[in-house]
Peer 1: 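Take a look at this one; I'll ask things after.
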Amino acid sequence: MSENRKIAAAYIRVSTEEQVELSPASQLVEIRKWAAKNGWTVPEKYVFVDEGISGRKVTGRDAFRRLIGTAKTKPKPFDAILLWKFSRFARNRDDAVFYKSVLRKQLHIEVVSISEPIAEGKLGILMEALIEAMDEYYSINLAEEVKRGMEEKHRRGELQSNPSFGYAAENNILVSKEPEAIYLKEIFRRFCAGEGTYSIARWLNSVGVRTHRGNLFENRTVEYILRNPVYIGKLRWNPSGISRRDFTDHGVVLSDGRHEPLIDLDTWNTAQSRMAELKAAWKYHGRPPECGRDWISGLIRCASCGSTMIFAKPHYWKCNGYVRGTCRISQHVSSELLKDAVIRRLQLDLSSNLPIDFEAVRAKDSGEAELSALRTQRDALTRRLDRLRNAYLSGTDSLEEYRDAKEATQQKLTEISMQIEEAEEKNAVSGTSCAAEESAKTALKTLRCDAAGVEQAYEAAHAIINYATWDKAKNLLCIHYRLTF
């Protein structure tokens with residue numbers, strides 16, 4: 001190797017959506033030809049390749065990040081980065097300008113496109129800016145072309161997503177998948193016969209059926225199936241993005257699929273009519289008119305799965321996990337019985353000679369707000385340490401940069417931790433089990449007072465009870481206390 005030859009790195013990128021670009025091997029051949037002709041050499045260790053990755057973002061381009069990290073090492077490992085085209089470096093002008101500025105102005109490393117010769121001086125700056133603008137335009141235009149292609153594909157009834165429950169995909173067309181198709185038809189039959197979505201979900205889980213992702217069925221999973229027109233031979237697509245569970249989204253486009261329906265039109269219409277009736281009777285996040293906020297709302301949890309007990313129907317509470325179909329124990333209990341159990345549990349705990357275990361909770365005030373802000377800063381600094389470590393391991397930052405940034409962050413983290421300790425000592429409660437018992441007695445007095453309103457009872461119960469668990473089989477309610485100060 002000639003001593004006069006300068007060292008260069010090669011960065012190569014190909015993306016799956018671009019069919020006209022050179023392969024990685026072809027790009028490297030062209031780069032090395034140009035390097036040999038122009039007095040450069042490209043060592044194998046300085047060849048960086050990203051395959052199948054878009055240039056619109058730096059995220060996910062591991063080789064690019066290693067390239068930048070290597071360029072920052074001292075002494076300078078190479079004097080230039082050779083590209084087949086500037087578009088290989090980035091298709092986003094912000095990224096292109098930023099990283100080229102770092103390389104050229106701070107590290108004194110040139111970025112050279114071997115197929116797009118740029119004149120030196122003001123004209124070269126203008127030409128490179130135009131190329132960057134055209135590259136970004138091409139990327140945006142390509143995204144629009146892809147979207148138009150998807151629209152045409154949808155119009156032809158071709159599949160563009162993962163197969164729905166009950167189907168598999170063959171040659172880009174949905175085909176019936178057994179035994180899922182049998183369960184699918186049974187879901188519609190049961191719902192049209194009057195069975196609820198959570199009951200259907202519990203049945204599916206009990207017989208071992210799982211979603212395509214291997215998850216348990218919930219009532220909302222069953223609802224999604226019941227409202228999916230794929231089962232009557234239609235394909236649903238939203239050109240503007242993901243509509244999630246908004247089944248009335250006007251942006252959704254339906255087209256005739258090329259697959260066989262699993263559900264006949266009469267069954268589908270019956271299911272949609274019943275679903276509409278249920279939605280009209282039970283508004284989203286709504287409650288029946290006679291159900292206002294009760295003082296036990298949000299306090300009671302299922303002893304089996306830990307889900308919150310919810311007001312399922314007038315005067316009764318159920319496990320929310322059971323309602324969704326993920327818990328097998330209903331914990332079905334009347335409102336009066338549950339409230340009476342809470343009061344009797346309070347009386348029993350207060351009448352025993354054992355001290356009450358409790359969690360100390362400071363009421364929200366300026367001191368708590370300050371402490372919360374400090375904890376937020378501590379969490380942010382901890383996450384920053386993780387990011388710095390990842391940047392070093394990926395080669396984006398040099399060891400020296402990582403060490404300096406880490407020391408500064410740890411110093412700040414130590415300062416914040418000391419401030420948190422001081423604030424916690426300042427806000428420390430001197431409360432004991434006696435204080436907790438006194439608070440519980442006050443709450444019990446309010447709960448037993450007939451003149452106390454729902455709001456008063458709610459505040460009293462939530463001030464002393466962190467949460468309680470209800471086990472219907474054992475007829476047992478356990479209270480986890482809190483002491484608010």
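Given the structure is predicted, the values throughout are model-derived calculations rather than measurements.
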Peer 1: Return the set of residues passing salt bridge (Lys or Arg N to Asp or Glu O under 4.0 Å) with Arg189 (not counting sequence neighbours), or none when no residue passes.
Peer 2: Glu186
Peer 1: Can you check whether Arg65 reaches Asp62 side chain to side chain, under 4.5 Å on heavy atoms?
Peer 2: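 In short, these two side chains touch, coming nearer than 4.5 Å.
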Peer 1: Can any side-chain N or O of Arg5 pair as donor or acceptor with the backbone N or O of Ala36 at less than 3.5 Å?
Peer 2: yes
Peer 1: Just verifying a value: how many Å separate Asn320 CG and Lys318 NZ, rounded to the nearest 0.5 Å?
Peer 2: 11.5 Å
Peer 1: Counting heavy atoms not belonging to Arg403, are there more than 12 under 6.0 Å from its CZ?
Peer 2: yes
Peer 1: How many angstroms lie between atom CG of Asn228 and atom CH2 of Trp268, to the nearest 0.5 angstrom?
Peer 2: 6.5 Å
Peer 1: Between Ser417 and Leu413 (side chain of the first, backbone of the second, donor and acceptor by atom type, cut-off under 3.5 Å), is there such a pair?
Peer 2: yes
Peer 1: Could you tell me which residues satisfy side chain to side chain donor-acceptor pair (under 3.5 Å) with Lys234, sequence neighbours excluded, listed by chain and number?
Peer 2: Asp256
Peer 1: Run the side chain to side chain donor-acceptor pair (under 3.5 Å) check on Arg301 and Thr469 step by step: do they pass?
Peer 2: CA-CA 5 Å; Arg301 298 182 186 177; Thr469 57; over 6 Å; no
Peer 1: What salt bridge (charged side-chain N to carboxylate O under 4.0 Å, His left out) pairs are there with at least one residue in residues 406-416, not counting sequence neighbours?
Peer 2: none
Peer 1: For Glu218, check salt bridge (Lys or Arg N to Asp or Glu O under 4.0 Å) against everything at least two apart and list the hits.
Peer 2: Arg220, Arg324
Peer 1: Are the side chain of Asn38 and the backbone of Trp34 linked by a donor-acceptor contact shorter than 3.5 Å?
Peer 2: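 Pair found, side chain donor or acceptor close to backbone of Trp34.
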Peer 1: Locate the shortest heavy-atom distance separating Lys76 from Ile109; write the atom from each residue and the value.
Peer 2: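 Result for this residue pair: CD-CG1, 3.6 Å.
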Peer 1: Looking only at non-hydrogen atoms, find the nearest pair between Lys177 and Ala168 and report the distance.
Peer 2: CB-N, 3.9 Å
Peer 1: Return the minimal non-hydrogen interatomic distance between Ala71 and Leu103, and the atom names on each side.
Peer 2: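 Closest approach of Ala71 to Leu103, heavy atoms only: CB-CD2, 3.8 Å.
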Peer 1: Test of understanding: with side chain to side chain contact (heavy atoms under 4.5 Å, CB included), list the residues that count as partners of Asn269, not counting sequence neighbours.
Peer 2: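 Side chain to side chain contact (heavy atoms under 4.5 Å, CB included) list for Asn269, sorted by chain: Leu265.
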Peer 1: To the nearest 0.5 Å, what is the distance between CG on Leu184 and CG on Leu204?
Peer 2: 10.0 Å
Peer 1: State, with a plain yes or no, whether a side-chain heavy atom of Thr221 is found less than 4.5 Å away from one of Thr197.
Peer 2: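 Of all side-chain heavy-atom pairs linking Thr197 with Thr221, none is under 4.5 Å.
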Peer 1: Side chains of Arg378 and Gln419: closer than 4.5 Å at any heavy-atom pair?
Peer 2: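 No, too far: nothing below the 4.5 Å cut-off.
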Peer 1: Write down the atom of Cys327, the atom of Tyr322, and the distance for their closest heavy-atom approach.
Peer 2: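 In this case the closest contact between Cys327 and Tyr322 is O-CD1, 3.2 Å.
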Peer 1: Test of understanding: with side chain to side chain donor-acceptor pair (under 3.5 Å), list the residues that count as partners of Glu44, not counting sequence neighbours.
Peer 2: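 Glu44 satisfies side chain to side chain donor-acceptor pair (under 3.5 Å) with Arg32 only.
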Peer 1: Keeping Ser115 on the side-chain end and Trp84 on the backbone end, is there a donor-acceptor pair under 3.5 Å?
Peer 2: yes
Peer 1: Could you give the distance from CD1 (Ile114) to CD (Glu30), rounded to the nearest 0.5 Å?
Peer 2: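 Going from CD1 on Ile114 over to CD on Glu30, the span is 6.0 Å.
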Peer 1: On the six-membered ring of Phe191, is Arg274 placed so that its NZ or CZ lies under 6.0 angstrom from the centre and within 45° of the ring axis?
Peer 2: yes
Peer 1: Going by ring pair (Phe, Tyr, Trp, His ring centres under 6.0 Å), name the residues that satisfy it together with Trp203, two or more places apart in sequence or in a different chain.
Peer 2: Tyr183
Peer 1: Is the backbone N or O of Ala169 less than 3.5 Å from a side-chain atom of His259, with the two atoms forming a donor-acceptor pair by type?
Peer 2: no
Peer 1: So do the side chains of Met275 and Glu223 get within less than 4.5 Å of each other, counting heavy atoms only?
Peer 2: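 Heavy-atom side-chain distance check passes, below 4.5 Å.
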Peer 1: Quick one: do Arg104 and Glu110 satisfy side-chain contact (heavy atoms from CB on, under 4.5 Å)? Show the steps, please.
Peer 2: CA-CA 6 Å; Arg104 288 170 173 166; Glu110 274 301 313; 3.6 Å; yes
Peer 1: Donor-acceptor check, side chain of Asp50 to backbone of Phe64, threshold 3.5 angstrom: yes or no?
Peer 2: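 Yes.
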Peer 1: Go through the side-chain N and O atoms of Ser304 and Gln331 and say whether any donor and acceptor fall under 3.5 Å apart.
Peer 2: yes
Peer 1: Which salt bridge (charged side-chain N to carboxylate O under 4.0 Å, His left out) pairs, counting each pair once, include a residue from residues 259-269, with sequence neighbours left out?
Peer 2: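 Every candidate salt bridge (charged side-chain N to carboxylate O under 4.0 Å, His left out) pair involving residues 259-269 fails, so no pair, neighbours aside, qualifies.
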Peer 1: If you apply the rule side-chain contact (heavy atoms from CB on, under 4.5 Å), what do you find for Glu178 with Ser176, and how did you get there?
Peer 2: CA-CA 7 Å; Glu178 303 298 343; Ser176 177; 3.4 Å; yes
Peer 1: Taking side chain as C-beta onward, heavy atoms only, is Leu262 less than 4.5 Å from Tyr167?
Peer 2: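 Answer yes - side chains close enough.
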Peer 1: Glu195: what forms a side chain to side chain donor-acceptor pair (under 3.5 Å) with it, not counting sequence neighbours?
Peer 2: Arg190, Ser199
Peer 1: What is the distance from atom OG1 of Thr409 to atom CZ of Arg384, rounded to the nearest 0.5 Å?
Peer 2: 4.0 Å
Peer 1: Determine, stepwise, if the pair Arg13 / Val49 fulfils side-chain contact (heavy atoms from CB on, under 4.5 Å).
Peer 2: CA-CA 6 Å; Arg13 182 185 63 81; Val49 182; over 6 Å; no
Peer 1: Please identify each residue that fulfils ring pair (Phe, Tyr, Trp, His ring centres under 6.0 Å) with Phe48, with sequence neighbours left out.
Peer 2: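 Applying ring pair (Phe, Tyr, Trp, His ring centres under 6.0 Å) to Phe48 gives none.
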Peer 1: Grab the two heavy atoms, one from Gln272 and one from Leu226, that are nearest each other, plus how far apart they are.
Peer 2: NE2-O, 2.7 Å
Peer 1: So, do Leu83 and Ile31 sit near enough that their side-chain heavy atoms are less than 4.5 Å apart?
Peer 2: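 No; the side chains remain at least 4.5 Å from each other.
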Peer 1: For Asn205 and Arg210, which heavy atoms make the closest approach, and how far apart are they?
Peer 2: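 Reported closest heavy-atom pair: O-NH1, 3.5 Å.
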Peer 1: Partners of Ser307 by side chain to side chain donor-acceptor pair (under 3.5 Å), sequence neighbours excluded?
Peer 2: none
Peer 1: How many angstroms lie between NZ in Lys74 and NZ in Lys72, if you round to the nearest 0.5 Å?
Peer 2: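 So the gap between those two atoms works out to 11.0 Å.
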Peer 1: Residues two or more places apart in sequence or in another chain: which of them pass ring pair (Phe, Tyr, Trp, His ring centres under 6.0 Å) with Phe217?
Peer 2: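 Checked Phe217 against ring pair (Phe, Tyr, Trp, His ring centres under 6.0 Å); matches are Phe165.
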Peer 1: Using the rule given for side-chain contact (heavy atoms from CB on, under 4.5 Å), can you reason through Ile225 versus Tyr231, listing the C-alpha separation, both sets of side-chain angles and the distance that settles it, and then say yes or no?
Peer 2: CA-CA 9 Å; Ile225 288 174; Tyr231 301 115; 3.7 Å; yes
Peer 1: Are Leu82 and Val42 close enough that some pair of their side-chain heavy atoms sits under 4.5 Å apart?
Peer 2: yes
Peer 1: Check whether any side-chain heavy atom of Arg202 sits under 4.5 Å from a side-chain heavy atom of Arg328, and report yes or no.
Peer 2: no
